[in-house]
Amino acid sequence: MRIKIDDTVVTSTTTVAYLGFVRNMTGGTIKNIHFYVPEIWRDSSSATSSLVGIVAGSISSTAVIDNVHVHYGHVEGTTDVGGLVGQMGSGTIQNSSYRDGDVSGFS
């Protein structure tokens, strides 16, 4: 999986939010998935990105992530950036991992 934000798809004032396999998960279950070498990154001089994670940009309510593993991932964003999930208000992450990768953001 590769998600790239660059100046060809966004304008200089754009904030791109909720980036991941699932954008905003408020219920349901993601289960038994392995991501190998997934990437989400910004290649834009001015656009920002928030709520960025390989599995979901955000999870809340009754959402469940179970037995989901990310190997050699690269996640890059501006705010609310995480390996599995960018922002977690509630919900459950269990039996899952993010390993041998990098995550970068400003807050």
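- Shown here for Ile54 and His74, the closest heavy-atom pair between the two residues is CD1-O, 4.3 Å.
- Residues Ile93 and Met25 share a hydrophobic cluster, clusters being chains of Ile/Leu/Val/Met/Phe/Trp/Tyr side chains in contact below 4.5 Å.
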Could you walk me through whether Val70 and Arg99 pass the side chain to side chain contact (heavy atoms under 4.5 Å, CB included) test, one step at a time? CA-CA 6 Å; Val70 176; Arg99 60 177 259 192; over 6 Å; no
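- Note on Leu51: it does not cluster hydrophobically with Leu84, by side-chain heavy-atom contacts below 4.5 Å among ILVMFWY residues.
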Stepwise, does the side chain to side chain contact (heavy atoms under 4.5 Å, CB included) test hold for Met1 with Glu39? CA-CA 6 Å; Met1 179 181 82; Glu39 299 175 300; over 6 Å; no
What's the verdict on side-chain hydrogen bond (donor to acceptor under 3.5 Å, both in side chains) for Asn67 and Asn32, showing C-alpha distance, side-chain angles and the deciding distance? CA-CA 5 Å; Asn67 194 35; Asn32 301 328; 2.7 Å; yes
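- Within the model, atoms CG of Leu19 and CD1 of Ile3 stand 6.0 Å from one another, a figure rounded to the nearest 0.5 Å.
- Ser49 OG to Glu76 CD: the interatomic distance, rounded to the nearest 0.5 Å, is 7.5 Å.
- Distance alone, capped at 3.5 Å, is enough to place a donor-acceptor pair between the Tyr98 side chain and the Gly73 backbone.
- One hydrophobic cluster, built from ILVMFWY side chains closer than 4.5 Å, holds both Met88 and Ile30.
- Taken from CG in Asn24 to CD1 in Ile59, the straight-line distance is 10.0 Å, to the nearest 0.5 Å.
- Between Ser104 and Val81, the closest side-chain pair of non-hydrogen atoms is not below 4.5 Å.
- For the pair Arg23 (side chain) and Ala17 (backbone), a donor-acceptor distance under 3.5 Å is present.
- The line from OG of Ser96 to NE2 of His69 is 5.5 Å long, rounded to the nearest 0.5 Å.
- In this structure, the separation between OG1 on Thr78 and CD1 on Ile5 is 10.0 Å, given to the nearest 0.5 Å.
- Residues Val103 and Tyr18 do not share a hydrophobic cluster, clusters being chains of Ile/Leu/Val/Met/Phe/Trp/Tyr side chains in contact below 4.5 Å.
- The two residues Pro38 and Phe35 have their closest heavy-atom pair at CG-CB, 3.9 Å.
- At a cut-off of 3.5 Å, with distance as the only test, no side-chain donor of Ser90 or Ser60 sits close to an acceptor on the other residue.
- The NZ atom of Lys31 sits 5.0 Å away from the CG atom of Asp66 when rounded to the nearest 0.5 Å.
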Does the pair Ser58 and Val85 meet the rule for a side chain to side chain contact (heavy atoms under 4.5 Å, CB included), with working shown? CA-CA 6 Å; Ser58 176; Val85 174; 5.6 Å; no
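- Using a 4.5 Å cut-off between side-chain heavy atoms of Ile, Leu, Val, Met, Phe, Trp and Tyr, with links allowed through other members, Val22 and Ile65 fall into the same hydrophobic cluster.
- Asp102 has its side chain out of reach of Val75: every pair of non-hydrogen atoms, C-beta onward, lies at least 4.5 Å apart.
- The residue from Val68, Ile40, Ile33 that alone fulfils the side chain to side chain contact (heavy atoms under 4.5 Å, CB included) condition with Phe21 is Ile33.
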